[in-house]
> 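Quick one: the structure is below, and I'll ask about it shortly.
Just so you know, residue 1 is the first one in the sequence shown, and it goes up from there.
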Amino acid sequence: MTNDKGKVYLVGAGPGDAAYLTVKAYNLLAAAEVLVYDALIDAQLLQCVPPDCLKLDVGKRGGKPSTNQAEINKLLVNYCQQGKQVVRLKSGDPLIFGRCTSEIEALKVSGCDFELVPGISSALAAPLLAGIPLTDPVLSRCFAVFTAHEPEVLDWEAVSRLETLVILMGGQHLPEIVHQLMQHGRSHLIPIAIIRWAGTPDQQIWTAQLGNILEQTTGLSLSPSVIVIGEVVGLRKYLQPEKIDDQDSTTATTPSPPAMSTNLPLHRPTFAQPLTSKTILVTRSVGQSSQFSDRLIALGATVIEMPTLEIGPPSSWQDLDNAIANLSNFDWLILTSTNGIDYFFERLIAQGKDTRALAGIKIAVVGEKTAQSLKQHSLQPDFIPPNFVADSLVENFPEELHGKKVLFPRVESGGREVLVKELTAKGAKIIEVAAYQSCCPNSIPPAAELALQNRKVNVITFASSKTVQFFCQLTHNIFSRNSDANQFLEGVCIASIGPQTSKTCHSLFGRVDVEAQEYTLDGLTQALITWATNS
């Protein structure tokens, strides 16, 4: 989308899962300058747009504040007239109960260019994903789709005569639907299915008969749902690939389809994957590699990345530069993170030096990942503690520390005070210098905020104490609008990479549900597999 003239694309996002997005829709998202999206879209779709894309949530949900239609129309027109390429993303198909007419009229009146891009409607996808055919040579020679948003305006006498009914927006009006159909001659024995959150890992299905479905669903939230009524519902037991519970009422989760061969940012392997149906929020540094996320995705998880840590230079290079100028005075160099290595060697080169300046200095690192980062500079560590935590470094140090001069480049604030204290207690002279600074990003990615607000997250992973602290800082507004963090995260698994991170989790959340036995991302992955297998 490189046109000088603005254009609005009215795009269908499909029934839910990002895997059901059309290729054209994905390509439009990948080049969008402005994204105007509804409440029911998959949060993962927000990761398909460029980083600088303006994202506007105009979702309409019953009982919650929402943007009125006139304001949505105005947004589309204004950004189009500014020459922007705008994607108006709607769940399902934009012209099936999508309220597109008003938006199209506003665009035409203002002379704005627009294009309609179809999506898979939940009216068709939900029954299919539940194993329910809408047509059958004997049981259903036709079907009708309608909305029960305003049940009082429907011609129930005509509706009740149709063989198969597909009802959208009917969860809150189920008692009225049942009453009207039975009042107009529909048998109380006719099968009915309610499919909630179709096409997502949270999909639930209830099947019963028209006369007892209310008993099966009393007190349950049924929105958003697609309701199917007709004899074809009874065919579900014969068309499902997996065995269905024989009880009248069932609750089931559907597996996601195999990943497409496009460059979609999300792939959900199916069936025998231990993390299938789990949505995992991965907190990490801005710009950090997504290898950990890739591991989780390969195990079946839906992954939403939330940068909660921004790494940058310290407020002053003076102390680090002075230390580099006097490297020959040190016996040991201790590096506890890849960030420390990156900024230390950046300044080493900036001072006109290279790795030869480290001749005669022994190097200790914490963790294999830090050791691998050091090897990228053609250096081998002299010591790696057996446990991947800094405290283990003191306990297992390979030589007497008394009288040793140790250089410790570290984060400017909030670093490892315990490590410094224990090394000093052993008689070492520790020179701490700020090599980098970690701070909290300015905002939460929309995908992460949407998932948290809609309580779609099953697990949150933390790989450092700072990510825990900054997560709480970033989500303060979300929690304060609803409840405190502990209540808001009830039922969400808190997963920690190790003891220090767990200590911070206990301080701020009051609990840790999963802790890695080996304090690495591989160890955290294995801990999540064990948790998912046993839960």
> For residues 435-448, which side-chain donor-acceptor pairs fall under 3.5 Å, sequence neighbours excluded?
from : atom 1 : to   : atom 2 : distance (Å)
Y436 : OH     : S337 : OG     : 3.2
Q437 : OE1    : S413 : OG     : 3.4
S438 : OG     : K466 : NZ     : 2.7

> Considering only residues two or more places apart or on different chains, which pairs with a residue in residues 353-365 satisfy side-chain hydrogen bond (donor to acceptor under 3.5 Å, both in side chains)?
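Qualifying pairs: D354-R356, K362-E399.
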> If only atom types and distance count, is the side chain of D382 paired as donor or acceptor with the main-chain N or O of A364 below 3.5 Å?
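Between the backbone of A364 and the side chain of D382 there is no qualifying donor-acceptor contact (under 3.5 Å).
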> Tell me whether K24 is salt-bridged to E115, with the criterion being a basic N under 4.0 Å from an acidic carboxylate O.
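Counted as a salt bridge, because a side-chain N and a carboxylate O are separated by less than 4.0 Å.
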> Where do V512 and C505 come nearest, in terms of heavy atoms and distance?
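Closest approach of V512 to C505, heavy atoms only: CG2-CB, 3.3 Å.
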> Give the minimum heavy-atom separation between I280 and A301, together with the two atoms involved.
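Between these two residues, the closest heavy atoms are CD1-CB, 3.8 Å.
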> Taking salt bridge (Lys or Arg N to Asp or Glu O under 4.0 Å) as the cut-off, I'd like each qualifying pair that reaches into residues 325-334, sequence neighbours left out, listed once.
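Counting only pairs at least two positions apart or across chains, no salt bridge (Lys or Arg N to Asp or Glu O under 4.0 Å) contact touches residues 325-334.
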> Ignoring hydrogens and angles, state whether a donor on the side chain of S465 or T504 is under 3.5 Å from an acceptor on the partner side chain.
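Distance-only check passes for S465 and T504.
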> Provide the full list of salt bridge (Lys or Arg N to Asp or Glu O under 4.0 Å) pairs with a residue in residues 332-352, sequence neighbours left out, each pair given once.
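Sorted result for residues 332-352: D321-R347.
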> Ignoring hydrogens and geometry, is there a side-chain-to-backbone donor-acceptor pair from E368 to I384 under 3.5 Å?
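Checking the backbone N and O of I384 against the side chain of E368, no donor-acceptor pair under 3.5 Å is found.
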> Just checking, is any N or O donor in the side chain of S496 or E515 under 3.5 Å from an acceptor N or O on the other one?
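No, because no side-chain N or O of S496 sits under 3.5 Å from a partner of the opposite role on E515.
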> Establish, yes or no, whether a centroid distance under 6.0 Å links the rings of Y9 and F114.
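No, they do not, as the ring centres are separated by 6.0 Å or more.
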> Would a distance-only check, ignoring hydrogens and angles, find a side-chain to backbone donor-acceptor pair under 3.5 Å from N458 to T279?
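The answer is yes, because a donor-acceptor pair under 3.5 Å joins these two groups.
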> Just how far is it from atom CG of L407 to atom CD1 of I361, taken to the nearest 0.5 Å?
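Rounded to the nearest 0.5 Å, the CG-CD1 separation comes out at 7.5 Å.
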> Going from NZ on K404 to CG on L423, what distance comes out if it is rounded to the nearest 0.5 angstrom?
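Here the rounded value is 13.5 Å.
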> Begin with the C-alpha distance, continue with both residues' side-chain angles, and end with the deciding distance and a verdict on salt bridge (Lys or Arg N to Asp or Glu O under 4.0 Å) for D513 and R511.
CA-CA 7 Å; D513 303 295; R511 64 186 170 91; 2.2 Å; yes
> How would you list, by chain and number, every residue that makes a side chain to side chain contact (heavy atoms under 4.5 Å, CB included) with S316, sequence neighbours excluded?
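For S316, the residues satisfying side chain to side chain contact (heavy atoms under 4.5 Å, CB included) (neighbours in sequence not counted) are Q318.
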> Considering only residues two or more places apart or on different chains, which pairs with a residue in residues 338-385 satisfy ring pair (Phe, Tyr, Trp, His ring centres under 6.0 Å)?
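Qualifying pairs: F345-H377, F383-F397.
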> Which value, rounded to the nearest 0.5 Å, describes the distance between K74 atom NZ and N68 atom CG?
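Separation between the atoms: 10.0 Å.
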> Taking the six-membered ring of F330, is the NZ or CZ of K405 close enough (under 6.0 Å from the centre) and on axis enough (within 45°)?
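K405 over F330 ring: yes.
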